[in-house]
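Remarks on the structure that follows.
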2 protein chains.
Amino acid sequence: MNIGEVAKRAGLPPKTIRYYEEIGLIAPRRDGNGYRSFDGQDLHRLAFLHRARALGFTIEDCRTLLALYADEGRASADVKAVAEDHLARIDEKISQLQSMRDTLGELIRSCAGDNRPDCPILKDLSAKP
Amino acid sequence: MNIGEVAKRAGLPPKTIRYYEEIGLIAPRRDGNGYRSFDGQDLHRLAFLHRARALGFTIEDCRTLLALYADEGRASADVKAVAEDHLARIDEKISQLQSMRDTLGELIRSCAGDNRPDCPILKDLSAKP
DNA sequence: CTTGACCTTCCAGTCACGGGAACCCCTATC
DNA sequence: GATAGGGGTTCCCGTGACTGGAAGGTCAAG
């Protein structure tokens, strides 16, 4: 399989796949002409990466997860720990965003949004502490 | 005021303040020795930026907001539009994260997290579509 | 005179790619 | 056989909003 084909099947852009090779997440063979040649296992790893990235895991998380996946003697606790750390980071981000959202929503609600210059949003931003 | 002083008062690291000058968000005077010299208005702008950034506005949003703030003839509708766009982007991000969170939470819940290798998290990540 | 806390500029790195240039390879068609 | 196109390759730069660090100038105190 050339890169275009595997890209289509894994749902990742060729650029991303080359990048993943560069940082050592995959290591496809090369044909005589220098083209990358992907086999079923490469495709499988790429699909894994695609899914893991879609869940928001960092590249380093993905590296760890792939290693655990390859390790037959892994403990599921190790996998769970990676996922829980990630979940905690997500929750933190969500709550930060929620807090922004709440403040911002309040400000927007209180702004007339007409052609007059008075604006509680600017007033808030420029408020002295 | 030197940069250290204004940094403390505005709650921003000196590095960030230098960066803001570099991209044209502020333009403090210079003393004879080459040191930046900040006045009350500079501090005010920096506090404004600090607050706007804390609400998640991008630097370009901040530039726009500062311009609107300086414009006595602005329409509050313009400010509100910037804020509403931003709110929409935040909402989108939150819902993406929520969706990750939900999936991830399910996977974590279903993983024993012991010393056996069986792991529904890895199973999901490696599932063929 | 030296120490130490400031300040300055400039360069490199972050994260996970994406755009684009310049060039090679393979197949099909005229 | 020349050419057109649609692959592929490497390499370098840019993203956003900073952060870290090196190398060096400035200032007040002891």
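First the proteins, then the strands, lettered A, B, ... as listed; each starts at 1.
At C:dC26, one or more side-chain N or O atoms of A:Asn33 fall inside 4.0 Å of OP1 or OP2 (strictly under the cut-off). Between D:dT19 and B:Thr16, a contact under 4.0 Å exists linking OP1 or OP2 to a side-chain N or O. Under 4.0 angstrom from either OP1 or OP2 of D:dT26 there lies no side-chain N or O belonging to B:Arg36.
Nearest nucleotide to the side chain of A:Pro13, out of C:dG18, C:dT9, D:dT26: C:dG18. Listed nucleotides D:dC27, D:dT9, C:dC17 differ in distance to A:Arg18; the shortest reach to its side chain belongs to D:dT9. Set against D:dG21, C:dC7, D:dC18, the side chain of B:Lys15 has D:dG21 as its closest nucleotide. Checked against D:dC18, C:dA16, C:dT8, the side chain of B:Ile3 finds its nearest nucleotide in C:dT8.
A straight line from CD1 of A:Ile17 to C1' of D:dT9 spans 15 Å, rounded to a whole angstrom. A straight line from OH of A:Tyr35 to P of C:dT27 spans 9 Å, rounded to a whole angstrom. Between the CD1 atom of A:Ile59 and the P atom of C:dC15 there is a distance of 10 Å, given to the nearest Å. In this structure, the CZ atom of B:Arg30 is 17 Å from the P atom of D:dG25, given to the nearest Å. The separation between A:Glu5 atom CD and D:dG7 atom P is 11 Å, rounded to whole Å. When the P atom of C:dG19 is taken as reference, atom OH of A:Tyr19 falls 16 Å away, rounded to whole Å. A straight line from OH of A:Tyr20 to P of C:dC15 spans 14 Å, rounded to a whole angstrom. Rounded to an integer number of Å, the gap from CG of B:Asn2 to C1' of C:dA5 is 12 Å.
Ion pairing of B:Arg63 with B:Glu60 is present here, as a side-chain N (NZ or NE/NH1/NH2) and a carboxylate O approach within less than 4.0 Å. For B:Arg9 and B:Glu5, the salt-bridge test passes: some basic side-chain N is under 4.0 Å from an acidic carboxylate O.
Side-chain atoms of B:Arg36 never come within 3.5 Å of backbone atoms of B:Ile3 as a donor-acceptor pair (strictly under, hydrogens ignored).
Looking at heavy-atom distances under 4.0 Å, B:Phe57 makes no contact with the nucleic acid at all. Among the heavy atoms of the strands lying under 4.0 Å from A:Arg53 are primed sugar atoms or P, OP1, OP2 only; no base atom is included. Within the 4.0 angstrom heavy-atom criterion, no nucleotide atom of any strand lies near A:Ile23.
Under the 30°/60° scheme for interplanar angles, the aromatic rings of A:His44 and A:Tyr69 are found to stand perpendicular.
For the pair B:Gly4 and A:Thr58, both in contact range of DNA chain C, the more 5′-proximal nearest nucleotide belongs to B:Gly4.
Side-chain contact, A:Arg116 with B:Ser76: no donor N or O sits under 3.5 Å from an acceptor N or O.
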